[in-house]
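Written out below as structure tokens is the structure these notes cover.
Every chain is numbered from 1 and lettered A, B, ... according to where its sequence line falls, protein lines coming before strand lines. As the structure is a prediction and not an experimental result, all values here were calculated from the model.
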2 protein chains.
Amino acid sequence: MRSYREYCSVAKALDVVGDRWSLLIVRELALRGACRYSDLQEGLPGVSTNLLADRLRELERADVVARREPRPPVATPVFELTEHGRELEPILRGLMRWGIRYMVDGPAPDDRFRGRWLTWPAETFLADHEPDAGPGRIELDAGDERIAVDVEDGRISVAEPDATDADARVEGTPHMLLGLLTGHVGIDDAIAAGVSLDGSRSLLERVLPAPRSAARSA
Amino acid sequence: MRSYREYCSVAKALDVVGDRWSLLIVRELALRGACRYSDLQEGLPGVSTNLLADRLRELERADVVARREPRPPVATPVFELTEHGRELEPILRGLMRWGIRYMVDGPAPDDRFRGRWLTWPAETFLADHEPDAGPGRIELDAGDERIAVDVEDGRISVAEPDATDADARVEGTPHMLLGLLTGHVGIDDAIAAGVSLDGSRSLLERVLPAPRSAARSA
DNA sequence: CCGCATCCGGGGCGATACTG
DNA sequence: CAGTATCGCCCCGGATGCGG
């Protein structure tokens, strides 16, 4: 991008990450950790391949992204955030929270979705309201890929689902799952709208936020 | 801007404020409060008039900016942030802090500057290290416009300079003033580099951060 | 197959001129 | 003062090619 040519720190930051796709590339690297070029493509539906290569180069030059060439057995380079790049995460989480209002009405007809994008909403909006109730795991399944929400000692963390079987499994559309996480949809309304809940309902109730104005129960 | 068409809250936020100049317009409105079209032009050197008009329209549609038409005696419309728009301020402050690293080497030859852009750095990096020492005011003058830093009861706030005369006045290049605020330049080095300090040096020392690695004293 | 580089078409962007 | 109008240009997007 052309520089704003302003001696202002906000403008300088945007000179570096204000380009189209740049912050979404950082989002993907922050959510995935180190990953390959094709992983980034999968997590950034809509990006064109030349743009992705261009941005990665620019971000590498600006010390936001580092490219590692693995040892000979593995041939494909791996991209990851530098420490400086990782410092963008709170800003991205801020944008996530700010943008929630544009999500509550559901996706546009041709919006793409990846389950991983629920990670920050889960960590932001969920809370353990019964810290003494012991650990538990909730699996969220929005169709394409699942995430695991771990609840323990008053803390919420998100992991990739592994062999560990969850105490509760919630399956539904991205719109409904996000509505549950943000409190815009209550459990009963979600189930009425097609969400399926297997396992411990009480574990889910333990972490969900209090319903917001738009969420009425039947 | 074209939508990213991703059902992700970060992407949706960038659909709204990811356009070129959009976040800088929000910066200017956050720093100034309600102001006129020409005020925005003055605070956004480099923006073209059609872009500014376009962005203001888009931001108004997205409920980030509100346009008020004053009563007949005053004929010119006034722009201000909505409540939703004001919620971008912590994000902009985060970008400011993140971008500081691109400022420490000084401005590019053709960078523009406005004194108001020192407001957030002052509020971020200064601190009252002697909360019981009584109130004081420091005026920062980078040539084009001044800002007043008020120190009182352990708190730092920035105001526009008025008739109140300051206890200390610091005058110098934007680069040197920012270096002082961030701790990259010590007082003595700043003075040696051409910064002029009138009034209470101790008041300045009371609020400046501890020098960072790059700041050596002579 | 993965990781890009190249090649256009279209539109966002930048600079200037102009008008109520 | 507050924009609108116009016109290039270059960035972006989509498709394709191609070497390792």
Side-chain angles (χ1 to χ4, degrees), chain A residues 1-6 11 14-25 28-29 32 34-62 65-80 110-112, chain B residues 1-6 11 14-25 28-29 32 34-62 65-80 110-112:
Chain A
M1 174 185 293
R2 227 185 128 118
S3 169
Y4 286 109
R5 304 196 317 188
E6 294 184 355
L14 292 174
D15 281 348
V16 175
V17 294
D19 271 304
R20 188 159 168 81
W21 290 105
S22 292
L23 280 176
L24 294 188
I25 291 170
E28 209 55 25
L29 288 170
R32 282 182 182 263
C35 62
R36 299 172 306 167
Y37 189 89
S38 53
D39 296 326
L40 290 173
Q41 280 189 307
E42 188 271 346
L44 294 162
V47 73
S48 62
T49 166
N50 54 357
L51 253 287
L52 180 55
D54 280 356
R55 292 296 176 270
L56 285 171
R57 251 191 307 268
E58 296 171 8
L59 292 173
E60 194 184 355
R61 280 200 50 210
V65 165
R67 176 189 321 233
R68 277 189 308 148
E69 308 275 351
R71 315 236 164 263
V74 184
T76 72
V78 165
F79 300 90
E80 60 187 346
D110 48 3
D111 275 358
R112 315 269 192 157
Chain B
M1 174 186 293
R2 226 187 129 120
S3 169
Y4 286 108
R5 304 196 317 189
E6 293 184 356
L14 291 174
D15 280 348
V16 174
V17 294
D19 271 304
R20 190 160 165 79
W21 290 107
S22 292
L23 280 176
L24 293 187
I25 291 171
E28 209 55 25
L29 288 169
R32 284 183 181 263
C35 62
R36 299 171 305 166
Y37 190 89
S38 55
D39 296 326
L40 289 174
Q41 281 190 307
E42 187 270 347
L44 293 161
V47 74
S48 62
T49 168
N50 53 355
L51 252 286
L52 181 55
D54 280 357
R55 292 295 176 269
L56 285 170
R57 256 191 303 268
E58 295 171 8
L59 292 172
E60 193 184 357
R61 281 200 50 211
V65 165
R67 176 188 322 232
R68 277 189 306 148
E69 308 274 351
R71 316 237 162 262
V74 184
T76 73
V78 165
F79 300 90
E80 61 187 345
D110 48 3
D111 275 359
R112 316 268 192 157

Subject >> Partner of B:F79 under side-chain contact (heavy atoms from CB on, under 4.5 Å), chosen from B:L59, B:V65, B:D39 >> reply: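 By the side-chain contact (heavy atoms from CB on, under 4.5 Å) criterion, B:F79 pairs with just one of B:L59, B:V65, B:D39: B:V65.
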
Which residues share a side chain to side chain donor-acceptor pair (under 3.5 Å) with [X], sequence neighbours left out:
X	result
A:T49	A:Y37
B:Y4	none
B:E80	B:R68

Subject >> Where chain B begins and ends its contact with DNA chain C, read 5' to 3' at 4.0 Å from heavy atoms >> reply: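 Extent of the interface on DNA chain C: C:dC13 to C:dA17.
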
Original post:
Between B:A62 and B:V16, what is the shortest heavy-atom contact and its length?
Top reply: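 The pair with the smallest heavy-atom distance is CB-CG1, 3.6 Å.
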
Subject >> Residue that, paired with A:E42, satisfies salt bridge (charged side-chain N to carboxylate O under 4.0 Å, His left out) out of A:R32, A:R112, A:R36 >> reply: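 So, applying the salt bridge (charged side-chain N to carboxylate O under 4.0 Å, His left out) to A:E42 and each of A:R32, A:R112, A:R36, only A:R32 qualifies.
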
Subject >> Sequence neighbours excluded, every pair satisfying salt bridge (charged side-chain N to carboxylate O under 4.0 Å, His left out) that has a member inside residues 44-60 of chain B >> reply: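 Residue pairs passing salt bridge (charged side-chain N to carboxylate O under 4.0 Å, His left out), neighbours aside: B:D19-B:R55, B:D54-B:R57, B:R55-B:E58, B:E60-B:R67.
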
How many whole angstroms separate atom [atom1] of [X] from atom [atom2] of [N]?
X	N	atom1	atom2	value
A:R55	D:dC11	CZ	C1'	8 Å
B:L52	D:dA2	CG	P	10 Å
B:R67	D:dC1	CZ	P	17 Å

Subject >> Sub-4.5 Å side-chain heavy-atom contact between A:L56 and A:L40 >> reply: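 A side-chain contact exists here, since the closest heavy-atom pair is under 4.5 Å.
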
**OP:** By nearest nucleotide on DNA chain C, pick out whichever of A:Y37 and B:D19 is the more 5' one.
**Re:**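 Result: A:Y37.
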
Original post:
Along nucleotides 13-20 of chain D, 5' to 3', which nucleotides get a B, which get an S, and which get a -, given that the test is a protein heavy-atom distance under 4.0 Å?
Top reply: BBBB----

